[in-house]
Colleague: 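I have a structure I would like to understand better, so I am pasting it below and will then ask my questions one at a time.
Letters A, B, ... are given to chains in the order of the sequence lines, protein chains preceding strands, and every chain is numbered from 1. Predicted model only: the values in this text are computed from it and were never measured.
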Amino acid sequence: MLGLKRTHSCGDLNSKLDGQEVVLCGWVSRRRDHGGLIFVDLRDRSGMVQVVFSPEVAETAFRKAETVRNEYVLAIRGTVKLRDKDTVNANMPTGEIEISGQELRILNAAKTPPFYIQDDIDVDETLRLKYRYLDLRRPEMQRNMILRHRVTKLMRDFFDRNNFMEIETPILIKSTPEGARDYLVPSRVNPGKFFALPQSPQIYKQILMVAGFERYFQIARCFRDEDLRADRQPEFTQLDIEISFIDREEMLTMMEEMIAYLFKEAIGVEVSTPFMRLSYEDAMNKYGSDKPDLRFDMELIDISDAVKGSEFKVFESMLSSGGRVKAIKVPGYSHIPRKELDGLVEYVSTYGGKGLAWMCYTPDGIKSQITKFFSGAIVDKITVATNAVEGDLLLIMADQPEVVNPALGQLRLEMARRLNMIDSAKLTFLWVVDFPMFEYDTEEKRWVAMHHMFTSPRDEDVEFLENNPGQMRAKAYDMVLNGTEIGGGSIRIYQRELQERIFKAIGFSTEEATEKFGYLLEAFDYGTPPHGGIAFGLDRLLMLMAGRSSIRDVIPFPKTQSATDLMAQAPGSVSSRQLKDLSIKLDVLTKK
RNA sequence: GGCCCCGUGGUGUAGUGGUCUAACAUGCCGCCCUGUCACGGCGGAGAUCGAGGGUUCAAAUCCCUUCGGGGUCGCCA
């Protein structure tokens, strides 16, 4: 670089280097021009340091510094100097020192950026995404990307130490039924045929177990063509793991160890193990979610028995048709405004709740729109069942369990958010286990695998496979952190006979199963070890570690909600020549 | 596909039918300034209010359509 060789990084400088000559490279974060003295905050990946230019020290460098603007790229030769006590900046890690600039080279000029290159900016995300290279230049985004690097490095260390092998699996694979919508890639060589991008490396990693690799992991890109959310991108990264000769307990223990290691080494947080275990059934009944946020209590309380025999027809008819009446107790919120209560009714309606009753235990007695239907004995029973005391608010819903649990579970979360009951510094891990094997798809009128169709049922439940599949539970497990599912997996089926019975149970004909998964079934015939696996959502894990509320902040180049890349303007059109090569004719539906 | 929120100088906002010839902050440009660190002082430029259509004597403001972004339900084994 014109004879200047970089010797240090800005953030690494400290008072021990007093008097030393250094050469720094970086971007101008800010320039403060005092006329006869110019301060430049020089920023690189490591941090920031103040450089001072004075005409008495270096006239030429000073003149050049006058022309410098924000985000110019500079190389600076200067001397590390301790600052006078009254000019020390305690808010800056390098605030005890500054660089006395002797030589300045402008490596490149820069236009004024459309937003500030600093933390905590308040700017439309559209702009951040369009100028992602500037957004990524902001210290907090740099930290997020550094964290991402650190965490994947630690994962590789951990698995290497535990005798795992990192093995790549194909990106161009065969489209398989079930699950999310596939991204498709046309095959030029095979006109009319398509590859799919993997939703996960599921089958390949099981084949690797058949192949005898015993312990596999991969930091694998996965693709799902579904609608986006704050925690869902069309392409995302999984830490994918598969292990032979392992049972569920060993699996959970090893993963707890791995997670604890990551949190300790990456962000210095001690995670205590083992994690709490909760059955799917308990999770749904107590928290109305298969990924409950356990940073606060407020459990769902079943008050069906307490309200039985009341004059309230809504409850009575619901109970007689197999429904339940459940409540959450919001402590100390009996003074909730009527208007907010009305809003809550609307809130639960988005989750299928048809109504919401309330009981406010105010100092002037219980205020409620339903107690007029209740005898004093029933009111007492409700109070006992919920342990409600003066000041509490009960929110009550009646419906079939599959409606009342999720809706009340969402309300539980919402009330906790509104009343600031969630300690954001807390990390509460748990395992949810014993998921149902199947759930009934009312549209398709058949059973579908809840996890996926390679999941092993619990041994004691296999007998229900043909007669009562709804009762079967699977050897599946999810790791949950603060209400977010960060990982999930299962012990797999490794016997062809059982796998074929499962296919049959979810309505796969033998021909269909053979066409789609024949190679897996055939592989099972050649000595398949018992095995199981798990996959973690790397982006979600990083989001939580970084304390962000969207995975877009930990993905360098994420897509918008409409699955576009605002910087690269992808997706885009292709030439007719390209389409012809692929034997593709477009038939784009235009909106009226 | 449904519902909700947002779109006004570079950026973030104010403005909810006429006095808007669009305000404020910050940024930008110029001049001054030797200890600032969100430096300071003075001056200046900069927006036809996302786009299109309509209502009206009059639209940033009301109506319709549309585009873009975000949240969410469905969807995501």
Colleague: Rounded to the nearest Å, what distance is computed from the CG atom of residue A:D119 to the P atom of nucleotide B:U11?
Modeller: 20 Å
Colleague: Under 3.5 Å, which N/O atoms of the protein pair with N/O atoms of nucleotides 38-42 of chain B?
Modeller:
residue: B:C39; atom: OP1; partner: A:R30; partner atom: NE; Å: 3.1
residue: B:C39; atom: OP2; partner: A:R32; partner atom: NH1; Å: 3.1
residue: B:C39; atom: N4; partner: A:D33; partner atom: O; Å: 2.4

Colleague: For A:H452, run the side chain to side chain donor-acceptor pair (under 3.5 Å) check against A:E178, A:Q199, A:R492 and tell me which one passes.
Modeller: A:R492
Colleague: Taking atom CZ as the centre, does A:R417 end up with more than 12 heavy-atom neighbours from other residues, nucleotides or ligands that are less than 6.0 angstrom away?
Modeller: yes
Colleague: Is the shortest side-chain N/O distance from A:R229 to OP1 or OP2 of B:C73 below 4.0 Å?
Modeller: yes
Colleague: Counting Watson-Crick and G-U wobble pairs only, both distances under 3.5 Å, name the nucleotide matched with B:C3, or none.
Modeller: B:G71
Colleague: Using the P atom in both, what is the distance from B:G30 to B:C6, to the nearest Å?
Modeller: 39 Å
Colleague: Provide the distance between the two C1' atoms, one in B:U36 and one in B:C49, to the nearest whole Å.
Modeller: 38 Å
Colleague: Checking base pairs now: Watson-Crick or wobble, both atom distances under 3.5 Å. What partners B:U21?
Modeller: none
Colleague: What string of B, S and - do you get for nucleotides 2-7 of chain B, 5' to 3', when a contact is any protein heavy atom under 4.0 Å?
Modeller: ------
Colleague: Respond yes when some side-chain nitrogen or oxygen of A:R552 is under 4.0 Å from OP1 or OP2 of B:G71, and no when none is.
Modeller: yes
Colleague: Under 4.0 Å between a side-chain N or O of A:T560 and OP1 or OP2 of B:G69?
Modeller: yes
Colleague: Strictly by Watson-Crick or wobble contacts shorter than 3.5 Å, is anything paired with B:C62, and which nucleotide is it?
Modeller: B:G54
Colleague: Please state whether the phosphate of B:G71, meaning OP1 or OP2, lies under 4.0 angstrom from any side-chain nitrogen or oxygen of A:Q561.
Modeller: yes
Colleague: Please table the atom pairs, donor to acceptor, closer than 3.5 Å between any side-chain atom in residues 89-99 of chain A and protein atoms at least two apart or in another chain.
Modeller:
residue: A:N89; atom: OD1; partner: A:N91; partner atom: N; Å: 2.9
residue: A:T94; atom: OG1; partner: A:M48; partner atom: O; Å: 2.7
residue: A:E98; atom: OE1; partner: A:Q50; partner atom: NE2; Å: 3.1

Colleague: May I ask you to say what A:E178 touches in the nucleic acid, namely base, sugar-phosphate or nothing, with a heavy-atom cut-off under 4.0 Å?
Modeller: nothing
Colleague: Find the distance A:L134:CG to B:G27:P and express it as a whole number of Å.
Modeller: 18 Å
Colleague: What residue among A:Q118, A:Q142, A:E71 forms side chain to side chain donor-acceptor pair (under 3.5 Å) with A:R137?
Modeller: A:E71
Colleague: Check this for me: does any side-chain nitrogen of one of A:R224 and A:E226 sit under 4.0 Å from a carboxylate oxygen of the other?
Modeller: no
Colleague: Ignoring hydrogens and geometry beyond distance, is a side-chain donor-acceptor pair present between A:Q218 and A:T169 at under 3.5 Å?
Modeller: yes
Colleague: For atom P, what is the distance between B:A59 and B:G1, given to the nearest Å?
Modeller: 34 Å
Colleague: Given the P atoms of B:U48 and B:U8, what is the spacing between them in whole Å?
Modeller: 12 Å
Colleague: How many Å lie between CD on A:E226 and P on B:C73, as a whole number?
Modeller: 14 Å
Colleague: Is A:D41 paired with A:R30 through a side-chain N to carboxylate O contact shorter than 4.0 Å?
Modeller: no
